[in-house]
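Heads up, the thing below is written out as structure tokens.
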Amino acid sequence: MSLFDWFADRRKGQFVGKVIQETDEGDGLWGKCPECGQVVYRKDLIANANVCSNCGHHNRIDSEERINLIADEGSFHALDQDLSPTDPLGFKDRRAYADRLRESQANTGMKDGVITGFCKVESISLALGVMDFRFMGGSMGSVVGEKITRLIEGATAKKAPLLIVCASGGARMQEGMLSLMQMAKISGALERHREAELLYMPLLTHPTTGGVTASFAMLGDLILAEPKALIGFAGRRVIEQTLREKLPDNFQTAEYLQEHGFVDTIVPRPQLKKTLCSLLKLHGYLPDKQKD
Amino acid sequence: MARRYLLEFEKPLVELEKQIEQIRELARDSEVDVSQQLLQLETLAARRREEIFQGLTPAQKIQVARHPHRPSTLDFIQMFCDDWVELHGDRTGSDDQALIGGIGRIGERSVLLLGQQKGRDTKENVARNFGMATPGGYRKALRLMEHADRFKLPIISFIDTPGAYAGLLAEEQGQGEAIAVNLREMFRLRVPVVATVIGEGGSGGALGIGVADRLLMFEHSVYTVASPEACASILWRDAAKAPEAAAALKITGPDLLNLGVVDEVLKEPAGGNNWAPLKAGEVLKEALERHLDELTKMSIQQLREGRYRKFRSIGRVLDPTTSETGLSA
């Protein structure tokens, strides 16, 4: 924002001094960083890819915002947008799975928890999948598995490099074993992509856990992660409860994984597009000359 | 008398067995001929056992699947192989005792056998880590499978684990990565792979050795995406709802056959595999040889394409472009 905007908003009579506690909702002009407490101007925050300029805290962003950060403007073409979940087990816990699905669909405007498609990153073709944590915790059911598998198969056919932005609590229990088997299905498709000597990079964002970690999140030729993202196989509470082990403070953070050799590079979000572009070019993927 | 480990729902059988035992003792001490009565009671006991085991709920099946005397990976290997050499180590610094493997011969065929190994008692279970493999276990499994691939040995995998080990060291050593790499690399194998859930198949820890051309399951085995206890505490916010979760998750052989996850469900003796382990061994051996006969006739290309298609087709989605529910491949 500029000072000019600030005055313009002020003239509209809006109250600008109010501190909004929740940074990821509401439409206030100001927000408070949940990490350092700094009051930040929302436009600044958005301009900085939702990263706090004071402490570097990465606020959660949804799949659409993520695509906007990565893809050249207007270049993203979504695939399989209408693929919808079913309720194969007729699952009901305290609430019916069908109701939970409807609610998530209404809240997000998505059919299920991942957007897939092809795009250009500074004119370089890229197959892109973005999981959305808002949709039932980014859990992986049949639709997520199917859309990602189709994306990978498409990338293999078009000889395109692949980026999957992971954000998931793991398997979608409401789809039972069908959900677990998506791990194998996606890994099989990745094997073919790899066999074709194409570059695959997962980007691990907060949080990446469970079945996603034990499949495509860890199968990258290069594994990228966002600062401080929680990445792990088992939940911290499970480990603490069952084993009574003292866990280090940075346990299961991106930094911890990098220290132990499972993450190639940690990329702050404002540098994401630039880093991606460098990596693609360094692997010989070049900008398309002709426009489509 | 009751040396055997009893499950809650087996209790009605205890009375009958006590009676049978008493009559036997009586017969030993006297000259009375009780064979008629014995036969009658034994038939009755067998019928009751059959009835009870026919009607097991998913939660009860979990108990059978976790029965400490249920035949384990090493039990089956001992039953199948005259010639067996266990092989150790992941070649990166560890030898997991919860996931074992080696080469043996079944009939005329040299095969690689591997699987999770639980213990029978507390002491053995501590050594075996309750059948929960570490990243080193999965890497050892992969090393052995790659060995089998090089020497053209079919792979027989036994699944029997509550899940992959969840601990500080396991996370540090990359539990997720170890399983993930197995999932991918098993699609590359040029030899037949037959996996069988012999006890409990716990989530990713089971799948880590479960990418197979054929997936078999015993009648009272279970295969779960998350343990019903964990599922209940997450979705119901109450771990005591585990039986409900067990039913809702569709974890039994017949359910998974319907969902297209499992290829064949193997019949168990009444009373479960622990009741007649040798019989269970015969059933499994027959099935394994039958599937291997079919699979070894296939070309490498057919085998790998078939394995890919098998997993590719799992899942239920609604696809308006084909206006089709169900299989989406």
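Quick note on labels: first sequence line is chain A, next is B, and so on, each numbered from 1.
A/L180 is listed as a side-chain neighbour of B/S203, based on a closest heavy-atom distance under 4.5 Å. At least one side-chain heavy atom of A/M181 sits under 4.5 Å from a side-chain heavy atom of B/L207. At least one side-chain heavy atom of A/P248 sits under 4.5 Å from a side-chain heavy atom of B/L168. Between A/D82 and B/T321, every side-chain heavy-atom pair lies at or beyond the 4.5 Å cut-off.
Of the charged side-chain nitrogens involved, at least one lies within less than 4.0 Å of a carboxylate oxygen, so that A/E195 and B/R188 count as a salt-bridged pair. With respect to the salt-bridge test (charged N to carboxylate O, under 4.0 angstrom), the residues B/D319 and A/K147 do not qualify.
With respect to chain B, the highest number of heavy-atom pairs below 4.5 Å among A/M218, A/R192, A/Q182, A/R236 belongs to A/R192. Between chain B and the residues A/V143, A/L190, A/L89, the most heavy-atom pairs under 4.5 angstrom are made by A/L89. Among the candidates A/T149, A/L219, A/T213, the residue making the largest number of heavy-atom pairs closer than 4.5 Å to chain B is A/L219.
Interface residue B/E172: backbone and side-chain heavy atoms are both found under 4.5 Å from chain A. If you measure heavy-atom distances from A/K111 to chain B, you find no contacts under 4.5 Å at all. With a threshold of 4.5 angstrom between heavy atoms, A/E259 does not approach chain B through any atom at all. In this structure, the portion of A/R194 lying under 4.5 Å from any heavy atom of chain B is its side chain and not its backbone. Only the side chain of B/L256 has a heavy atom closer than 4.5 Å to any heavy atom of chain A. Interface remark: A/A217 contributes no atoms to any contact with chain B (heavy atom separation under 4.5 Å). Only the side chain of A/F251 has a heavy atom closer than 4.5 Å to any heavy atom of chain B.
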Next on the checklist: Before you tell me yes or no, could you show the steps for A/E146 and B/R312 under side-chain contact (heavy atoms from CB on, under 4.5 Å), namely the whole-Å CA-CA distance, both residues' side-chain angles and the distance that decides it to 0.1 Å?
Outcome noted: CA-CA 8 Å; A/E146 181 65 24; B/R312 182 69 189 82; 3.0 Å; yes
Item to check | Pair A/D93-B/R237, salt bridge (Lys or Arg N to Asp or Glu O under 4.0 Å): steps then yes or no | outcome: CA-CA 10 Å; A/D93 45 84; B/R237 307 233 170 103; over 6 Å; no
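The two atoms that bring A/E153 and B/Y308 nearest to each other are OE2-OH, 2.7 Å, heavy atoms only. In plain terms, the two heavy atoms of A/F233 and B/A164 that are nearest each other are CE2-CB, 3.8 Å. Closest heavy-atom contact between A/A184 and B/V211: CB-CG2, 4.2 Å. Shown here for B/V225 and A/A171, the closest heavy-atom pair between the two residues is CG2-CB, 3.6 Å. Smallest separation of non-hydrogen atoms from B/W236 and A/K92: CZ2-O, 3.5 Å. When all heavy atoms of A/M173 and B/A226 are compared, the closest pair comes out as SD-CB, 3.8 Å.
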